[in-house]
J.: 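Got a structure here, written out as structure tokens. Questions coming.
Both ligands and their constituent atoms are indexed starting at 1 by order of listing.
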Amino acid sequence: MKKHNGFASSLGFVLASAGSAVGLGNIWGFPYKTGANGGAAFVLVYILMALLLGIVGMTVEMYVGKRAQANPVTAVKKINSKIGFVGLLSVIVPFFIICYYSVLGGYTMRGIVSSFTDIGKDAAGVSAGLSDFMANPWLPALCTFLFLGLAVFIIMGGVQKGIEKASKVLMPLLFIILLGVMIYSLCLGEGVKAGLDFYILKADFKALGFKGVAAAMGQVFFSMSLGMGIMITYGSYTGKEINLFKSAVQISLIDTAIALMAGFAIFPAAFHFMEVEGIAASEVGLGGFALMFMTLPLVFNSLGTVGGIIGAFFFLMVTIAAITSVVSLVEVVTQFFIQKFRISRKRAAVLPMILALAISIPVSLSLGGHFTLFGFDLLTFFDEITNTVLMPVTALCVCVAAGFGIKRREFEDNIYVGKPIVGRIISFMARFVTPLLILVVAIFGIYSNVSVNVNYFAVINTAFLLAAVAFAVYFLSLVRVGDTDTGCNADELGYEGDADPADAAE
Ligand code: PHE
């Protein structure tokens, strides 16, 4: 089989997809959202959603991409030429995520340096250092710039050379370091029990509420890189040798394991410092977006100079995990640009990046408290738009489109070649269970968010406005029936930038 610029091996594909899935969502997002939504109950719902929605959604998206060997717009058009719009939506979502994800990437990079400068400081000192950094108008922007620059550098190397190679080495390394931090945290003694009670033992469903359930669903999509074209794009780079269902299960397990480990690293430590040093939850950041940036430095600090080194190394690893995620976000947009506008990989990667950088600067300023939008900082605003509205909507549409649009037989036979029963289950889930669940959770989630905070209407309206703009753009420029107008992977060969003919020969 001729493979176009795709992944060299099944392992490479799984690692690269896991590289996309594992990132700040696991180590920064999961613990803080757990902290904000009542702890153990959130974790329980998260795990259920990962099983019911995550694995199904991932399998379906990969299949849609693999089947079309093309970008999400073409891929969805190949299911049904009338609904290509869904594909465009899934190219737009990653763009918005890049704009705030890179700001957090910048924060994480700062952690590499501040691990040394923090040594010897107490909780108040650590959080003061962080607030100074956040409030500084240009430092976070500079870090964002560095972070995005690194990502573009990797992506310009192409799928195989850039993404696959980076993921193969770095993912296992991250796992080992996280394991070390987790074990250390669990051995801190005092406060550990309280941390574990909060994190996994004592579920408080009142504190969770429907808002929390919706947050858990959004977090599953975000963490597994679903509902935004990524698994369609990565799936499109695979050939016959990939078992989609098995890969999806492996990636989901890795992703969930890393998120849970991050919680085990953070909560016992947070409660330890709260108890031992008699400090407030806010000083370790419990329930706030800065949890990872506040608690972990305290852990490293308590180890003295060695801790500084471990801390720097830890934040370096998280930075790299974030880069492999941002690379996948950029790749979706890049692939689409290459195939739609027939431009080189280099240009297709740099253009969206410049735009993303321009938007990320106001995001970093807003996070530093310089201004808000409808009472939200821009990061929260973007995060809510994508997690609670756009990703669920896109994931739902893709599931329904694939489940009902692709011939049942073809669908079922391709999910797990040789075991059609797996295909049948996934097909059933994709048609009925998953969409229904997404719909119910999204609607109740939106309802309860609005009832807690009326400003939330602004989030919903903006999300639907964005979808409407995408819809208009689609019908004005992309609607032509057939797929020649948006192209497929094969179109990239011969364009400057992907170079290496060895990639194509197999
Ligand atoms: N899944 C990644 C994470 O958990 C982030 C990401 C989100 C990557 C969206 C791609 C798309 O950090």
J.: Short question: side chain of Y199, backbone of L260 - any donor-acceptor pair under 3.5 Å?
T.: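 Judged by distance alone, yes, a pair lies under 3.5 Å.
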J.: Heavy-atom contacts with I230 under 4.0 Å: which atoms of ligand 1 show up? List them by number with element.
T.: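 That gives atoms 10 (C), 11 (C) of ligand 1.
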J.: For ligand 1, which atoms, with element, lie under 4.0 Å from some heavy atom of Y101?
T.: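 Those of ligand 1 that fall under 4.0 Å from Y101 are 2 (C), 3 (C), 5 (C), 12 (O).
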J.: Below 4.0 angstrom from a heavy atom of L24, which ligand 1 atoms are there? Numbered from 1 as shown, please.
T.: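 Close to L24: 12 (O).
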J.: Under a 4.0 Å heavy-atom limit, does S328 contact ligand 1 with its side chain, its backbone, both, or neither?
T.: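 The side chain, only.
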J.: What atoms in ligand 1 come closer than 4.0 Å to a heavy atom of N26?
T.: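 Taking each heavy atom of N26 in turn, ligand 1 has 3 (C), 4 (O) under 4.0 Å.
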J.: With a 4.0 Å cut-off on heavy atoms, does S223 reach ligand 1?
T.: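 Heavy atoms of S223 do come under 4.0 Å of ligand 1.
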J.: Determine the sole option in T233, N71, T74 for which the side-chain hydrogen bond (donor to acceptor under 3.5 Å, both in side chains) test with Q335 is passed.
T.: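 Checked T233, N71, T74 against Q335; only one passes side-chain hydrogen bond (donor to acceptor under 3.5 Å, both in side chains): T233.
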J.: Can you name the atoms of ligand 1, numbered from 1 with element, that are less than 4.0 Å from a heavy atom of G25?
T.: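 Near G25, the atoms of ligand 1 are 3 (C), 4 (O), 12 (O).
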J.: Would you find more than 12 non-hydrogen atoms of other residues, nucleotides or ligands less than 6.0 Å from F145 atom CZ?
T.: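 No, CZ of F145 has 12 or fewer neighbouring heavy atoms, counting only those of other groups under 6.0 Å.
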J.: At the 4.0 Å heavy-atom cut-off, does W28 count as touching ligand 1?
T.: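 Checking ligand 1 against W28, which is what was asked, there is no heavy-atom contact under 4.0 Å.
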J.: Just let me know how F222 lines up against ligand 1, side chain, backbone, both or neither, with a heavy-atom cut-off below 4.0 Å.
T.: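 Looking at F222 and ligand 1, atoms from backbone and side chain both fall under 4.0 Å.
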J.: When you look at L179 and M261, which way does the side-chain contact (heavy atoms from CB on, under 4.5 Å) test go after all the steps?
T.: CA-CA 7 Å; L179 190 69; M261 282 166 73; 3.8 Å; yes
J.: To the nearest 0.1 Å, how far is atom 9 (C) of ligand 1 from its closest protein heavy atom, and which atom is that?
T.: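 The closest one turns out to be M228 SD, 3.0 Å.
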J.: Verify whether one side chain among Y456 and T388 offers a donor that lies under 3.5 Å from an acceptor in the other.
T.: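 Y456 vs T388: donor-acceptor pair found between side chains.
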J.: For the aromatic rings, using the six-membered ring if either is Trp, is the centroid distance between F13 and Y234 under 6.0 Å?
T.: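 Here the rings of Y234 and F13 have centres that are no less than 6.0 Å from each other.
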J.: Please verify the inter-ring angle class for F381 with F376; under 30° counts as parallel, over 60° as perpendicular, anything in between as tilted.
T.: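 Plane angle between 30° and 60°, so tilted.
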J.: Just need the protein heavy atom nearest to atom 8 (C) of ligand 1, so name the residue and atom and give the distance.
T.: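 Looking at atom 8 (C) of ligand 1, the protein heavy atom closest to it is S225 OG, 3.4 Å.
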J.: Please check if any side-chain donor atom of S225 sits under 3.5 Å from a side-chain acceptor atom of S20, or the reverse.
T.: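 Looking only at side-chain atoms, S20 and S225 do form a donor-acceptor pair, the distance falling under 3.5 Å.
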J.: Looking at atom 4 (O) of ligand 1, what's its closest protein heavy atom, distance included?
T.: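 So the nearest neighbour among protein heavy atoms is A21 O, 2.9 Å.
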